[in-house]
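To keep things clear, I will list the structure first and then write my remarks on it.
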Amino acid sequence: MEVIGAQRERGKAAQVVMAEKGHYKGGALVNFSADKRQALWDRVQGKVGGPVPKGHKKDKAEWLKPGLVGRVKTLKGEEKLRHARLLDFWEDDANGCA
């Protein structure tokens with residue numbers, strides 16, 4: 001899945017906003033160690049400035065340019081993400097699926 005946004009607010013769990021094949025799928029919690037979490041935020045900062053998905057507000061997240069993908073654990077059989085968490089992330093150099 002593509003990481004299309006990040007939400008970080010003091011006092012709340014951090015989340016990434018995910019899409020699949022260009023369609024919004026929902027948010028996933030970020031529960032990494034401090035080092036891995038910082039590596040994610042460093043990559044996020046390098047990609048800020050992407051388009052806001054249709055139906056979403058610009059101020060609800062840091063919207064990202066394409067190229068960051070992630071593996072998510074979620075409930076099976078659901079169209080949108082539910083109770084999801086980000087397991088891993090990487091750069092997608094192929095402009096498609098990594």
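Computed from a predicted structure; not experimentally measured. Nothing fancy with the numbering, it's 1 onward along the sequence.
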Do the side chains of [X] and [Y] join up, straight or via other hydrophobic residues, at under 4.5 Å, putting them in one cluster?
{"X": "Leu68", "Y": "Val48", "answer": "yes"}
{"X": "Val72", "Y": "Ile4", "answer": "no"}
{"X": "Val44", "Y": "Val69", "answer": "no"}
{"X": "Trp90", "Y": "Val16", "answer": "no"}

How close do [X] and [Y] get, heavy atom to heavy atom, and via which atoms?
{"X": "Gly27", "Y": "Ala84", "value": "O-CB, 3.7 Å"}
{"X": "Phe32", "Y": "Leu86", "value": "CE2-O, 3.4 Å"}
{"X": "Ala14", "Y": "Arg8", "value": "CB-CG, 4.2 Å"}
{"X": "Pro51", "Y": "Trp63", "value": "O-CB, 3.8 Å"}
{"X": "Val52", "Y": "His56", "value": "CG1-O, 3.2 Å"}

Under the side chain to side chain contact (heavy atoms under 4.5 Å, CB included) rule, what do Val3 and Leu40 come out as? Steps first, then yes or no, please. CA-CA 11 Å; Val3 180; Leu40 173 62; 5.6 Å; no
Please report the interatomic distance [atom1]([X]) to [atom2]([Y]), rounded to the nearest 0.5 Å.
{"X": "Phe89", "Y": "Arg43", "atom1": "CZ", "atom2": "CZ", "value": "5.5 Å"}
{"X": "His23", "Y": "Lys25", "atom1": "NE2", "atom2": "NZ", "value": "7.5 Å"}
{"X": "Gln15", "Y": "Leu81", "atom1": "CD", "atom2": "CG", "value": "10.0 Å"}
{"X": "Thr74", "Y": "Met18", "atom1": "OG1", "atom2": "CE", "value": "10.5 Å"}
{"X": "Lys73", "Y": "Asp88", "atom1": "NZ", "atom2": "CG", "value": "14.5 Å"}
{"X": "Glu20", "Y": "Glu79", "atom1": "CD", "atom2": "CD", "value": "10.0 Å"}

Say whether, by atom type as modelled, one donor and one acceptor occur between the side chain of Arg85 and the main chain of Ala28 under 3.5 angstrom. no
Quick check: are there more than 12 heavy atoms from other residues, nucleotides or ligands sitting under 6.0 Å from NZ of Lys60? no
Donor-acceptor side-chain pairing of Glu62 and Gln7 below 3.5 angstrom: no
Walk me through it: do Tyr24 and Lys54 pass the test side chain to side chain contact (heavy atoms under 4.5 Å, CB included)? CA-CA 9 Å; Tyr24 170 81; Lys54 186 177 180 179; over 6 Å; no
I'd like to know if Lys47 and Glu91 make a salt bridge, using a cut-off of under 4.0 Å between side-chain N and carboxylate O. yes
